[in-house]
Every structure is written in C-alpha cells, then in structure tokens.
Amino acid sequence: MSALAVKSLHKIFGSRQDEAVRRLADGAPRAEALAGLNATAAVIDAGFEVHAGEIFVVMGLSGSGKSTLIRMLNGLLRPTRGSVTVDGVELTTLKPAALRRLRREKVSMVFQHFALMPHRTVLENAGYALEVAGLPKAERRERALDALRMVGLEERADKLPHELSGGMRQRVGLARALAAGTDILLMDEAFSALDPMIRREIQDQLLELQAELGKTIVFITHDLNEAMRLGDRIAVMRDGRIVQIGTAEEILTDPANDYVAQFVADVDRTRILTASSVMEKPHTVLDVNVGPRVAARALRETLTSVLYVTGPAKRFLGTVTEDEILRALREGRQSLDGYVSTERVRTVSEDTAVADLFADCAESVHPMAVLDDRGRLAGVIPRITLLSSLASAVPDDPSAGDDDAAPAVATPTDGPVAATPDAVVADERSGTVDVPLHSMGEPA
Amino acid sequence: MSRTASPLDVTLPRVPLGAWTEAAVDWATDTLGPFFDAVAALVDTLVRPLTELLTGVPALAIVLIVAGLGWWLRGWKFGLGTLVGLGLVAGMPYWEETMSTLAQVLVASLLSLVLAIPLGIFVAENRRASAVARPVLDLMQTMPAFVYLIPAIFFFGIGTVPGVLATLVFSMPPGVRLTELGLRQVDREIVEAAESFGAPPWMVLLRTKVPLALPTIMTGVNQVIMLALSMVVIAGMVGAGGLGDVIMFALAQVEVGSGFEGGIAVVVLAVVLDRLTDSIGDRFPSARAQRLAREA
C-alpha cells in the first residue's frame with residue numbers, strides 16, 4: 001500500500017467552487033475555464049501515489065499550485081474536492097482533533113523560510129513536535145538532541161535561530177521534523193531560500209539521511225536540477241495540473257509535452273542520464289562457441305571490424321577483431337575461445353552517470369560495453385553517441401551517432417533482426433549466418 | 001438679516017440623538033444599578049489601598065526604588081534622570097496628589113489591559129468581530145475625553161471611581177488595536193509550522209502567536225498607560241482627586257505657579273512610566289530575537 005495517495009484533488013479559492021470544478025473537468029486551461037468566475041483554481045484534479053521510502057518531488061514554477069498541493073497533504077488546507085489518504089486514513093473527512101493527531105504521528109513538515117520560532121532556542125525548536133505531543137522534558141531534550149546530532153548541529157543547541165546561518169537554520173527545521181519521528185516528511189521548497197553552494201550541501205545531507213532513515217518524502221521545488229537530484233520520481237505541475245509523473249530519466253528522455261521538454265532543456269543532463277539511457281543496441285554479438293568462420297562471415301555481412309562476444313549465461317567476455325579471427329582461422333580453431341580480448345573495450349554498468357563515462361570512453365578503442373547487473377551485454381556506447389547525448393533533447397534520437405564511430409554500418413539484408421543482443425546464435429546447417437544483427441540507429 | 005428664500009432652506013428634521021442617549025443612560029442607571037455598584041466596589045477596593053500604600057511610604061523611599069528600577073532596566077543615565085525628576089516632584093507640595101494620580105493610572109491601566117488584551121486576541125482571530133470592533137474603537141478614541149465623564153457621573157456619582165472608569169474606557173482602544181496588530185503580524189509560516197506539528201489552537205495562540213506578538217502588545221500597554229495618564233488629569237473635573245484636582249484648581253484661580261508645578265509632576269510621571277514599560281517590552285525573548293534579526 002502506498003504511504004500517501006491523492007485522488008482527483010482540487011483546491012479552488014473564491015466563490016462558486018462547484019461550478020469552477022465542473023468547468024475544469026474537461027481539461028481546459030484554468031484561465032479560460034474560469035473566465036468570468038470569481039474563483040481561482042490552485043490545484044486541479046491532482047492524482048498520484050507516493051510509495052513508502054521514496055522521495056517524490058513535485059516540481060513547478062511559482063503559481064503552479066505546488067505549495068497549495070502540499071498543504072492539503074497534511075490538512076493545513078482543506079481540499080475543495082478529492083481525497084488524500086495517509087497510511088490508509090482518509091484525511092479530508094477527519095475531525096480537527098483527529099487531524100491534529102495524524103499530524104503528530106504521521107506527517108511532519110519543513111518550510112521554505114524555515115519557520116523556526118525566533119524566541120526559542122535551537123533545542124526548543126527541534127523538540128517542538130515532542131512538546132506538542134506532551135512528552136516529558138527530559139525525553140524531549142534527548143530526542144531533540146539526537147535529531148540535532150543527525151544534522152550536525154548539536155553544538156548549537158542553545159543558540160537562538162537568528163544566531164545561525166540560513167543553511168543551519170534549515171537544518172534545524174529538518175531536525176524538528178525528524179525529531180517528530182513521523183514516517184512522512186513534507187518539504188515545501190525547503191532549500192529554495194539557500195545559496196546554491198549551501199543548497200547542494202544540504203541536498204547531499206538529505207540524501208545521506210534518507211539512505212539511513214528511509215522516510216517517505218514529498219519534496220516541493222521549482223528547481224529542476226534539485227528535482228532531478230533528489231527525486232526518485234518527479235511530478236511536474238503546470239497551472240494547477242500535474243502534467244507528467246516519472247523518474248528523472250523518463251522526464252528527460254520522454255517529456256510528456258512541449259512544456260516539460262522546454263523545462264528540461266537546460267538541465268545538466270550528464271548528471272541525470274545514465275549509461276543505460278544513452279546506450280545503443282550492439283550490432284554484432286556472437287557466442288564464444290561460434291567458430292571463426294561464422295565470425296568472419298558476420299564481419300563481412302555487417303561491414304564491421306569488431307564483434308562483441310558473450311560466454312556462458314550470456315556474460316560479456318570481450319571483443320574480437322578481424323586480426324584475431326584470421327589468427328583463429330589460420331590455427332584451425334573451432335571456437336573463438338582464447339582469442340577474445342578485453343584490451344580494447346571498457347565496460348561500465350547500466351546506472352553509471354553519463355558524466356562519469358567520458359574517461360572510460362576516451363580509453364576504449366571500441367564502443368564501450370554496458371553491462372547489466374548480471375554481467376550481460378546490455379548495449380554499447382560509441383563516442384559519438386555520448387557526445388550527442390549532451391547536445392540533443394532526446395538522447396537516443398535516431399539521428400545521433402549513426403556514422404563511422406558505430407560498430408557496424410550496414411543494415412542487415414538477410415539476417416533476421418534480433419530483439420535482444422544475445423537472442424540469436426549462428427546455425428551452420430542452414431548455410432546462412434544468422435548473426436544477431438541490429439540495424440544501426442534503431443530507436444531504443 | 002433678510003435674504004431671499006432658497007429651495008435649500010428646507011428645515012432638516014432634528015435628530016434627537018442626545019435625547020436617545022439620555023434615555024439609554026437613564027435605562028442603564030435604572031436596570032444595571034447592581035452591576036455598576038459592583039464595578040464601583042471593585043475599583044474602589046483596588047484604588048484605595050494602593051493610594052494608601054503609595055502615600056504611606058516615605059517619598060524618598062519611592063524615589064529611590066523607582067530610580068533603582070530605572071537604573072536596572074535602562075541603565076544609570078535613566079536611573080539618575082528618574083532620581084532627579086521624582087526628587088523634584090517630591091520637593092513640590094503635591095507629592096500626595098502625584099501618588100494618588102499614579103494609583104489611579106495604574107488601576108485604570110490594569111483594568112483596561114485586562115479587557116483590551118483578550119478583546120484584541122478575539123478580534124485578531126475573528127475577522128467579523130474585527131470589522132465590528134474597528135468603528136467602535138474609533139469612536140472611543142475620538143470622542144472628546146470630557147464626554148465620558150458625563151455618563152460616568154450618572155452611573156457612579158462624583159469621585160475617584162467615575163474618574164478611573166472614564167479613564168479605563170478612554171485608554172482601552174490602543175490596547176485592543178496593538179494586540180490585534182501584533183497577532184496579525186506573526187509570520188504565517190511559523191503559525192503553519194506550529195499547526196503542522198499538530199498543536200491545538202490554544203497552544204498555537206499562547207505559545208507561538210502571543211510570545212511573538214509581545215513586543216507589539218507591550219507598545220499597546222505603553223500607549224494605554226500614556227492615555228490613562230492624560231485622562232486622569234481630565235478626570236479631576238469629576239472630583240477624582242490627585243493632580244487633576246491641582247490643575248483644575250489652578251485653572252479656576254488662574255494660578256500659573258501651582259498649575260505649572262502640577263503639570264511638571266504629570267510630565268515626570270509620564271516620562272518615567274513610558275520609559276519603564278518600554279524597556280520591559282524589550283526584555284522579552286521575542287524582542288531579543290527581533291533585534292538579532294535586524295542585526296543579521
């Protein structure tokens with residue numbers, strides 16, 4: 001069960017809210033739909049589920065309704081329509097007292113401008129939720145200090161908030177939410193008021209804490225880089241509506257519409273994209289037990305100079321080139337075993353960030369081999385593909401990298417095109433060589 | 001004087017606002033008598049012992065205590081100023097009247113604040129109440145101060161009690177207004193934060209909003225005391241006693257000397273009370289936080 005679920009959630013401010021909801025039902029832009037109506041639609045038909053332990057980022061520009069949305073997740077704002085379920089409890093119909101209990105036990109919040117109480121010390125701020133819950137002072141102190149320790153501020157416990165820097169203050173805000181001990185954390189533009197350097201630092205800290213604590217986090221931001229960095233999944237909001245939900249990669253590589261595409265255009269893609277999202281299918285993959293004759297034929301058929309060789313359980317072994325195949329032929333071998341080289345090809349795992357591929361790419365004579373978690377060949381990355389992934393909005397665009405640097409140039413004429421690189425092995429009896437051929441530049 | 005008739009010469013009907021007011025006051029005197037008696041008894045039991053205390057203690061002791069308080073709260077310069085100022089008043093023949101005025105001001109301000117602060121909190125939390133309270137407060141504040149004395153005499157007769165009660169009514173508006181203002185100015189996000197951790201409304205109010213609004217509320221307290229002091233002199237007209245009496249007498253007899261002495265005593269009281277209450281407001285943690293915020 002999801003930790004937090006939202007269904008057809010609406011928030012309309014102003015009068016004639018029912019009429020407003022009705023007019024918005026067919027998906028018309030809110031400015032058009034509500035023309036002449038004294039109502040403002042902040043959130044329109046939002047729906048998503050947040051899984052336990054994930055960071056779910058809601059991203060949008062100011063006015064997109066994201067702050068209103070997050071305030072409905074803990075009942076600070078009452079939805080006009082729709083439902084919010086926290087841990088199986090429907091929140092929209094709760095009585096005030098029950099709602100307050102739910103906030104104490106299940107959901108805490110971190111605010112954009114920290115929202116610390118200036119007249120209380122850092123320790124008293126960090127322990128605020130526990131004070132509300134009525135815990136005895138000693139225990140409050142203990143748990144507040146623990147939370148401050150987690151964010152590295154236990155030595156400032158007796159300072160007032162204004163004696164701290166912005167970054168530190170927000171760490172107090174974070175400690176206050178952590179001390180509450182709730183499973184769900186709502187973070188409303190939590191790092192937006194901080195300098196870029198500090199922001200980066202505190203993002204790292206959040207990720208570290210998250211790896212340790214596994215909270216369910218809903219994070220609101222207008223900063224796409226932040227969204228991409230933190231979010232396991234991202235919901236993009238525009239004009240009150242959620243226009244796309246997906247992982248950072250999905251949003252980068254497959255934007256739902258022009259708005260999202262434009263939004264993601266200036267992201268530092270090399271940090272977000274991984275090897276698996278820029279790799280291409282390898283064109284010539286042979287099993288190591290295939291004879292050199294077949295290999296030679298495969299080279300000829302595909303007009304290429306290198307073959308990727310897999311062994312038992314389809315594990316990637318290395319590459320062979322014309323030279324080695326010729327040598328095997330001369331020496332009369334029946335398999336390529338012993339001729340496969342790993343000298344001229346670098347291997348990387350699927351989830352390596354593109355930014356970390358460049359060094360390997362430079363040292364790899366042949367296109368880099370991308371291996372999955374079981375060591376099987378998942379794809380290859382020619383240099384040109386890597387470079388074009390930086391430039392293009394759609395990294396696996398067919399036009400990218402279909403030239404000389406690719407391992408094969410020819411489109412197969414008589415061999416069947418296999419769907420996966422290692423699906424086909426040669427069949428000598430048929431007289432034709434069924435080399436698993438993958439047409440060049442085929443969109444993944 | 002003769003002039004030609006003009007169409008504008010229509011006689012407007014006389015609106016008997018005064019008559020209505022009289023009727024209302026008469027009705028109140030008749031029906032609310034026991035209530036007024038109780039109020040009068042309360043005021044009397046507060047003012048009388050306090051006046052006796054202040055006039056009973058030797059003048060020098062009071063001068064030294066207040067000067068010491070000033071030194072502690074604001075530093076030696078203010079302490080010295082207080083010593084000189086109050087010393088001057090003690091050296092004039094009106095010390096008892098000054099202490100009587102002080103007692104009346106303190107009681108009137110106290111009662112005024114007891115009503116004004118909760119009322120300010122109420123209107124801050126309730127927009128409709130705020131809309132109703134606003135014109136009423138405007139009326140209370142702009143009505144010439146003397147006018148309050150008339151119904152006060154009706155309800156309470158002549159003496160200290162009507163003086164104190166008229167003072168109470170006159171000094172209340174800034175207490176309500178500044179309490180409301182202070183509460184409304186509290187950062188919305190901080191209030192949201194308190195609510196988001198599940199704090200019930202009373203807790204949000206008492207542990208978050210009020211502490212953060214305290215510096216503004218204290219400005220209100222200061223204003224109430226200042227207005228009370230200005231009114232208490234006017235209340236001399238209804239025989240409230242104290243410095244008001246001295247000044248009214250000087251006015252009637254055209255005695256510049258004693259009038260000036262009484263006036264100076266009022267000024268010294270005003271300055272001392274103003275600075276002392278002001279510095280109390282500065283000592284709250286939220287005021288300290290505000291200063292830190294400004295320095296940052």
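Order of the sequence lines sets the chain letters (A, B, ...), proteins ahead of strands, with each chain counted from 1.
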Most heavy-atom pairs under 4.5 angstrom with chain A, which of B:P211, B:S196, B:P200? B:S196

Relative to chain B, which segment of A:R101 carries a heavy atom at a distance below 4.5 Å: side chain, backbone, both, or neither? neither

Salt-bridge test for A:D146 and A:R149: reply yes if a basic N is under 4.0 Å from a carboxylate O, no otherwise. yes

Are any of the side-chain nitrogens in A:E163 or A:R156 under 4.0 Å away from the carboxylate oxygens of its partner? no

Can you check whether anything in [range] gets within less than 4.5 Å of chain B, heavy-atom wise, and list it by number?
| range | answer |
| --- | --- |
| residues 128-141 of chain A | A:Y128, A:A129, A:E131, A:V132 |
| residues 105-121 of chain A | A:V107, A:S108, A:M109, A:F111, A:Q112, A:H113, A:F114, A:A115, A:L116, A:M117, A:P118, A:H119, A:R120 |
| residues 185-194 of chain A | none |

Within the supplied structure, the quantity of interest is the number of heavy atoms (other residues, nucleotides, ligands) at a distance under 6.0 Å from A:F48 CZ; does it exceed 12? yes

Exactly one candidate in B:V266, B:T98, B:I62 meets side-chain contact (heavy atoms from CB on, under 4.5 Å) with B:V89; the answer is B:T98

My understanding is that only one of B:L119, B:V114, B:L115, B:L113 makes a side-chain contact (heavy atoms from CB on, under 4.5 Å) with B:I117; could you say which? B:L113

Supply the atom-to-atom distance [X] [atom1] to [Y] [atom2], rounded to the nearest 0.5 angstrom.
| X | Y | atom1 | atom2 | answer |
| --- | --- | --- | --- | --- |
| A:L164 | A:L153 | CG | CG | 6.5 Å |
| A:Q170 | A:Q205 | CD | CD | 11.0 Å |
| A:S64 | A:L69 | OG | CG | 9.0 Å |

May I have the step-by-step check of side chain to side chain contact (heavy atoms under 4.5 Å, CB included) for B:M143 and B:Y148, ending in yes or no? CA-CA 8 Å; B:M143 179 71 73; B:Y148 290 115; 3.7 Å; yes

Between the side chains of B:Q141 and B:R177, does any donor sit under 3.5 Å from an acceptor? yes

A:F56 and A:F219: aromatic ring centres closer than 6.0 Å? no

side-chain hydrogen bond (donor to acceptor under 3.5 Å, both in side chains): pairs with one or both residues in residues 111-125 of chain B, sequence neighbours excluded: B:S112-B:S171, B:E125-B:K209

Pairwise side-chain contact, A:S83 with A:L9, heavy-atom cut-off 4.5 Å (strictly under): no

Is there a donor-acceptor pair under 3.5 Å between the side chain of A:K7 and the backbone N or O of A:G82? no

